[in-house]
Enquirer: 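Take a look at the following structure, please.
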Amino acid sequence: MVKGGTENGAPLSSNCEGQTEFDLDADGSLRFYILDAYEEAFGASMGTIYLFGKVKMGDTYKSCSVVVKNIQRCVYAIPNDSVFPSHELITLEQEVKDSKLSPESFRGKLHEMASNLKNEISQQLLQLNVSSYSMALVKRNYAFERPDVPVGEQYVLKINYPFKDPPLPEDLKGESFSAVLGSNTSALELFILKRKIMGPSWLKISNFSTNSPSQRVSWCKFEVTVESPKVITVLVSEEKVVHPPAVVTAINLKTIVNEKQNISEIVSASVLCFHNAKIDVPMPGPERKRSGILSHFTVVRNPEGTGYPIGWKKEVADRNSKNGCSVLSFENSERALLNRLFLELNKLDSDVLVGHNISGFDLDVLLQRAQACKVLSSMWSKIGRLKRSSMPKLKGNTNYGSGATLGIMSCIAGRLLCDTDLCSRDLLKQVSYSLTDLSKTQLNRDRKEISPNDIPKMFQSSKTLVELIECGETDAWLSMELMFHLSVLPLTLQLTNISGNLWGKTLQGARAQRIEYYLLHTFHSKKYILPDKNSQRMKEIKSSKRRMNHGPEGHNVDELDADLALENDPSKDNKAKKGPAYAGGLVLEPKKGLYDKYVLLLDFNSLYPSIIQEYNICFTTIPRSEDGVPRLPSSQTPGILPKLMEHLVSIRKSVKLKMAKETGLKYWELDIRQQAIKLTANSMYGCLGFSNSRFYAKPLAELITLQGREILQRTVDLVQNHLNLEVIYGDTDSIMIHSGLDDIEEVKAIKTKVIQEVNKKYRCLKIDCDGIYKRMLLLRKKKYAAVKLQFKDGKTCEDIERKGVDMVRRDWSLLSKEIGDLCLSKILCGGSCEDVVEAIHSELMKIKEEMRNGKVALEKYVITKALTKSPEAYPDSKSQPHVQVALRMRQRGYKEGFNAKDTVPYIICYEQGNTSSASSAGIGERARHPDEVKSEDSRWLVDIDYYLAQQIHPVVSRLCAEIQGTSPERLAECLGLDPSKYRSRSNDATGSDPSTALLFATSDEERYKSCEPLALACPNCSAAFNCPSITSSVYASISKKSETEESDSTFWLKLQCPKCEPEGSTGRISPAMISNQVKRQIDGFVSMYYKGIMMCDDESCKHTTRIPNFRLLGDRERGTVCPNYPNCNGTLLRKYTEADLYKQLSYFCHILDTQCNLEKMDVGVRIQVEKALTKTRPAVQAAASMARSIRDRCAYGWLQLTDIAI
DNA sequence: ATGGTAGGGAGATTAT
DNA sequence: ATAATCTCCCTAC
Ligand SMILES: [Mg+2]
Ligand SMILES: [Mg+2]
């Protein structure tokens, strides 16, 4: 055994830094924890790869790189049928089995048969000037898409030769072979697969030489070279693996805009380093505080033409002495700043660079500026771990306009990049992923935002400059906190250890690549030849072939054109998004409506992964032809994919078992692992259908979804036809069953029964109960909301679940979402139909009033939409608000926040003094960024009309679509909109099912307790008395059976003044009198509303107004908005609001009602009440309908009412 | 360069 | 004018 490190002749201890040698195992081998790897894709160093990671040195770990040389290409030539005639092979193999033929002579015969093949390949290699190569006949499997490679097991010719020699052409064919595979497989991929490296782990390096500092190609503390990849193996240890801690550094740059060139220049760079971050387990805040080793540093430089503020030198000195080390330095040029920064970064020797949008902004700027300032390569390349002499192309594929290019990524080789922007998009669902918003929602921290235009000014005083520096340091800290908060490192490490790809790729969020590596490892270990990466060359060959097939000679011009059009459309496929390639999940037509009996939600667990297992769907089990969905396999022996799924399921199960016994941190750690396993299993299907995947298998994906559709349909049939239950909806893997029951125990019994019946039909598939809804509003496909029962330690609580409805979407304003939620909670609270409708109506009137009065905060008007492309890339940007806003903000110097995938906030406005253009201008022109609206000199005001008509109305209208007693017109009226525009064309014939109406009674007394009572006066004695509601007094008289009681409540039965003589007609009150008196009181409330004085309560505003004439104002009521809004926070208050009036009128309607209130009663009681009402009803009918009609006009803005009232 | 399809809804554009 | 169609965004699964 050769002792490691001595080959070079350099003694181990000769390192200059003192205690500077890494630990070796007893056998002289080196333990190396691999974190990252890199290879040059072109050039002389092909075949050499660089591994980066950690080695142990005493109690600590140090960075180390490993240069792996002499990796060989590995190509397979697929022999033609004639080379190994199958009957001969079978005979020979049988003879070997029967010991009639020795294995040696069998191999001899094989080689004899393959001699032509070998000669042909040799010829090809010689033509490429390949001087040394080896060939071997090996048995390999194939199961993928190349039509020129037979499926199944066969002997193939394996060819190894150095990477320095050129690859064999991918489309190479010969007389004795039909194809070559693997000709462009990269050295790094071969290394990872052959060494079976499953992500970051300890490797054993048994034979290496140590590179002396002068020989080094990396910036690592240590560097070794190995001459063959085979000296590296995965270390298997019995003890629990100890993952070394990582050095994690957060970087944040502050930049100014160079107006001339429209580029960013760096004025400040902050780094925050966490020297001992655990990578395999989450690190909660307290632990980080207790045991974290931190350091930080900022370097600033003054912009050209500005000096430093007076006393700045002293300020810096003070800060440094206070910290006991250099934490702040200042330079006089960007170049000096960069040099300082790169030196600091080199000292830190970071494993991970973290930052918010660091891959889309900071890194790019850093390298662009290093290049522009002519920073030496020996300096800027310290950003990574590999020494470099020339800057790669930084502007790679700018098609997306965001994310790091290949050039940038190659610069940081050896360090991992954790962009908390990208990570949070993957791990969280948020309206916005800006550092400011994430800090608030995730860390509960307020972040100070500095506009890029304000930065130059901040160099004017020490105070503001310190502020700028602290902002940079805080941003670095926030980003680091986010990374820990989201457990980014442990989660991505788990994912990487499952799949065996590079950790850096997982951090970039490349899900397809993760699955690809998992499959590569799996199929490689089972001796399969792997599908090649689709190179540009093969794509061209394929498409030209297709063209040949489609366009033979002799077509007329028209047909050729059509052909080209067809060919052209998908040929954009590398750019334009394609339509769906195959059918997906089945979505059942919902039985819309409001359900007030229990609804069961049943859902198959991991449907697609389970289907793969259940039906044994795999590359290896299913013969696939060009078109059409393949058939299910007959084979019972599980394919590779199903076995892999089974493995994932079983290890997840074991993790979950362990979890049950753990708590706290350990539980958390296991939960992350469990999640990672599930994520991997669930991603598998998506990658089968991903056309750029090496394992793209549309037929398999299609077969899986087809099975899914059939399973769902079968389940529906079973539940409906055999169990006689009502299925009201279902999506892909779920069904919702309307039980029609109020008894939870009965519902649970049904649940158990259904689950049992469904599950006994399948081997792997399992349906389960995902929830029980007490009430449910089913609006459309993928849009519903429900009161879900939650069973928490013995107790049940209720909780509103919303799916797909406008309130869960970021592209509606908070205002409409809040109103939507309010309406939803009213609808789902179980009140009677009219109560709900009335509550909604009055809520709308209230909010309308508040909006008109400027009482609604500006933030509530913000709509957020994401850019799917860089804003310039939109062909028709004019009509799109978010694109317009992004373009304008970019022009104003904002370099971050308005790129592809960023979310853009905007408010729809109108220009002050330009009311006419409010509605005529396109919506794109009227959109403004909140900052634009807020700014002092803004001429833009919130377009209240837009929000009423286009934000609130549609949202509420959709929620109320299934609610009786209201309509889009009514809702429009409440919002002060012209109802005629919202008239439904299908004349109310949309059969509203009465069975789905709200049936619950709530206390009306409670609802109307703030209203004035209805007081009637006796014409005879002039005594006034308050009237209770007709139905309640009738009900009371029936239940008490005490006719003797003399009170106001008997009035409605007798229609006589309770104070006057019971006999005779003196105290009798006629229907006309009732109607008149009610009218008079209504008029009183109306005029009270009219007299309402509008007053702005902000002293500085001094805006007082009396609404002069409603008729002149029309339905807009613009005058009630404080003209200073939104700059004035003053409120225009109305003493008696429209909502108050509405409620009052509704109360009178309620009192006089002899219809709706009855519907809430039990049938038995109702008959009695009906009987008792026979006299009363005709007497109050006129009054009741008058009150109703006035109430209904209430929402018109009182235009018609004024006519009546005057 | 960075899994899938189904589907609702807004708004602009084009066809009838 | 009104309806069909397309593009864009976001969501459910
Ligand atoms: Mg499911
Ligand atoms: Mg589901």
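Below, read A as the first sequence line, B as the second, and so on, with proteins coming before strands; counting in each chain starts at 1. Keep in mind that what you see is a predicted model, and the values were worked out from it rather than measured. Values below: all heavy atoms of this structure, side chains included; hydrogens, waters and symmetry mates excluded.
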Enquirer: Identify whether any heavy atom of A:Tyr582 sits under 4.0 Å from a base atom; if not, whether one sits that close to sugar-phosphate; answer base, sugar-phosphate or nothing.
Expert: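 Counting heavy atoms under 4.0 Å across all strands, the contact made by A:Tyr582 is with sugar-phosphate only.
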Enquirer: What is the separation between atom CZ on A:Arg809 and atom P on B:dG9, rounded to the nearest whole Å?
Expert: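 Whole-Å distance recorded here is 9 Å.
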Enquirer: Using a heavy-atom cut-off of under 4.0 Å over every strand shown, decide if A:Ala701 touches base, sugar-phosphate, or nothing.
Expert: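 A:Ala701: no heavy atom of the nucleic acid under 4.0 Å.
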Enquirer: Indicate, with a heavy-atom threshold strictly under 4.0 Å, whether A:Tyr784 touches base, sugar-phosphate, or nothing.
Expert: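 Answer is sugar-phosphate: A:Tyr784 comes under 4.0 Å of backbone atoms only.
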Enquirer: Classify the nucleic acid contact of A:Arg511 as base, sugar-phosphate or nothing, counting any heavy atom under 4.0 Å across all strands shown.
Expert: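 Here A:Arg511 touches the bases of the nucleic acid.
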Enquirer: With a 4.0 Å limit, can you tell me whether A:Arg958 has a side-chain N or O closer than that to the phosphate oxygens OP1/OP2 of B:dA10?
Expert: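 Looking at the OP1 and OP2 atoms of B:dA10, one of them is under 4.0 Å from a side-chain N or O of A:Arg958.
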Enquirer: Is the shortest side-chain N/O distance from A:Gln950 to OP1 or OP2 of B:dG11 below 4.0 Å?
Expert: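 Affirmative; the distance criterion is met.
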Enquirer: For the pair A:Glu702 (side chain) and A:Tyr582 (backbone), establish whether a donor and an acceptor sit closer than 3.5 Å, ignoring hydrogens and angles.
Expert: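 Between the backbone of A:Tyr582 and the side chain of A:Glu702 there is no qualifying donor-acceptor contact (under 3.5 Å).
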Enquirer: Look at all strands and tell whether A:Leu607 reaches a base, only sugar-phosphate, or nothing, counting heavy atoms closer than 4.0 Å.
Expert: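 Nothing: the residue A:Leu607, judged by heavy atoms under 4.0 Å, touches no strand.
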Enquirer: Would you indicate what A:Tyr517 reaches in the nucleic acid, counting non-hydrogen atoms under 4.0 angstrom: base, sugar-phosphate, or nothing?
Expert: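 A:Tyr517: no heavy atom of the nucleic acid under 4.0 Å.
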Enquirer: Could you state the atom-to-atom distance from CG of A:Leu417 to C1' of B:dT2 in whole Å?
Expert: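 These atoms are roughly 14 Å apart.
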Enquirer: Determine the contact category for A:Arg514: base if any of its heavy atoms lies under 4.0 Å from a base atom, sugar-phosphate if only primed atoms, P, OP1 or OP2 are that close, otherwise nothing.
Expert: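 Nothing: the residue A:Arg514, judged by heavy atoms under 4.0 Å, touches no strand.
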Enquirer: Below the 4.0 Å mark, does B:dA10 have OP1 or OP2 next to a side-chain nitrogen or oxygen of A:Lys865?
Expert: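 It does not, given that no N or O in the side chain of A:Lys865 lies less than 4.0 Å from OP1 or OP2 of B:dA10.
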Enquirer: Whether A:Lys803 contacts C:dC13 is assessed here as follows: a side-chain N or O lying under 4.0 Å from the phosphate OP1 or OP2. Is that the case?
Expert: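 Yes, A:Lys803 has a side-chain N/O under 4.0 Å of OP1/OP2 on C:dC13.
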Enquirer: Could you tell me whether A:Gln508 contacts a base, only the sugar-phosphate backbone, or nothing, with contacts defined as non-hydrogen atoms closer than 4.0 Å?
Expert: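 Contact class for A:Gln508: base.
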Enquirer: With a 4.0 Å cut-off on heavy atoms, is A:Ser879 in touch with a base, just the backbone sugar-phosphate, or nothing at all?
Expert: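 Sugar-phosphate, no base atom in range.
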Enquirer: Which part of the nucleic acid does A:Lys782 contact within heavy-atom distance under 4.0 Å: base, sugar-phosphate only, or nothing?
Expert: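 If one applies the 4.0 Å heavy-atom cut-off, A:Lys782 turns out to touch a base.
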Enquirer: According to a strict under-4.0 Å criterion, is A:Lys781 in side-chain N/O contact with OP1 or OP2 of B:dG7?
Expert: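 Yes.
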Enquirer: Verify, without hydrogens or angle tests, whether A:His953 (side chain) and A:Pro968 (backbone) share a donor-acceptor contact under 3.5 angstrom.
Expert: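 Yes, the answer is positive, given that a donor and an acceptor are paired below the 3.5 Å cut-off.
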